[in-house]
Amino acid sequence: QVQLVQSGAEVKKPGASVKVSCEASGYTFSSYSMSWVRQAPGQGLEWMGWITTYNGETNYAQRLQGRVTMTADTSTNTAYMELRRLRSDDTAVYYCAVGLIVGAFDFDSWGQGTLVTVSS
Amino acid sequence: DIQMTQSPSSLSASVGDRVTITCRASQSITTYLNWYQQKPGKAPKLLIYATSSLQSGVPSRFSGSGSGTDFTLTISSLQPEDFATYSCQQSYTSPPTFGPGTKVDIK
């Protein structure tokens with residue numbers, strides 16, 4: 001069975017960086033792109049970007065360009081999302097998500113989420 | 001970016017009720033429309049993809065319809081486990097975008 005297991009909750013100060021991991025199992029990691037989606041408290045879902053895991057090619061949401069970096073380690077089947085220069089409005093639950101059955105943007109498998117709190 | 005809107009933003013219903021949620025895209029997305037169910041503290045769960053195809057394991061009381069810019073999610077007979085937030089999402093073009101969600105709670 002497909003599993004995406006994310007790292008634990010983080011508390012960061014404004015201006016700091018955070019790196020969230022997502023370990024995949026149950027499918028061929030390098031055959032599917034991994035997306036990251038976040039959800040601020042009480043808000044809707046926001047796609048942050050994706051990484052083509054076999055070659056590391058990335059595509060980021062325009063509003064996060066310059067602050068976000070996504071990487072993938074095919075030796076450990078783990079994807080990472082690093083967000084820099086954190087602001088209070090980056091407080092959110094961050095999910096990794098993958099589309100295995102239909103298309104890359106049809107997210108049928110999700111991690112459990114990682115709460116990132118940005119507070120001074 | 002394609003903007004997704006939903007109505008209503010919330011609704012109260014009873015077990016056994018028929019519930020309909022509407023989603024609208026800011027431009028045509030043909031039938032590249034997905035629906036997700038999310039319960040508090042949990043990750044979203046894909047219910048319906050490509051407007052009307054049920055994800056494996058999803059009960060047949062859930063159905064979807066529409067094309068172009070207007071779409072509908074229907075729950076034919078609401079069950080206790082269906083109380084949740086439902087979000088639509090277009091997968092037509094990058095970036096994929098989500099609606100703000102519709103919260104279904106108990107009347």
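Only heavy atoms go into these numbers, but all of them, side chains included; no hydrogens, no water, no symmetry mates. Computed from a predicted model, the values in this text were never measured in an experiment. A note on names: the letters A, B, ... follow the listed sequences, proteins ahead of strands, and every chain is numbered from 1.
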Tell me, side chain or backbone of [X] under 4.5 Å from chain B's heavy atoms, or both, or neither?
X: A/Val93; result: neither
X: A/Leu115; result: neither
X: A/Gln62; result: neither
X: A/Phe107; result: both

With a 4.5 Å cut-off on side-chain heavy-atom distances among I, L, V, M, F, W and Y, is there a chain of contacts connecting [X] to [Y]?
X: A/Leu83; Y: A/Met70; value: yes
X: A/Trp36; Y: A/Tyr27; value: yes
X: A/Met34; Y: A/Val2; value: yes
X: B/Phe71; Y: B/Val58; value: yes
X: A/Leu4; Y: A/Met81; value: yes

With a 4.5 angstrom heavy-atom cut-off, which part of [X] approaches chain A: side chain, backbone, both or neither?
X: B/Lys42; result: backbone
X: B/Pro100; result: backbone
X: B/Gln89; result: side chain
X: B/Thr85; result: neither
X: B/Tyr92; result: neither

Contact check, side chains of B/Phe98 and A/Val37, non-hydrogen atoms, under 4.5 Å: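 Answer yes - side chains close enough.
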CZ (A/Arg84) with more than 12 external heavy atoms under 6.0 Å: yes
B/Lys39, NZ atom: more than 12 neighbouring heavy atoms under 6.0 Å: yes
Could you tell me the separation between the [atom1] atom of [X] and the [atom2] atom of [Y], rounded to the nearest 0.5 Å?
X: B/Ser53; Y: A/Asp106; atom1: OG; atom2: CG; answer: 10.0 Å
X: B/Met4; Y: A/Leu45; atom1: CE; atom2: CG; answer: 12.5 Å
X: B/Leu46; Y: A/Trp110; atom1: CG; atom2: CH2; answer: 9.0 Å

Exercise: identify the closest heavy-atom pair between A/Gly111 and B/Ala43: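 Nearest pair, atom of A/Gly111 first, then B/Ala43: O-CB, 3.3 Å.
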Top of A/Phe105, A/Tyr95, A/Tyr60 for chain B proximity - count of heavy-atom pairs under 4.5 angstrom: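 Option with the greatest count: A/Phe105.
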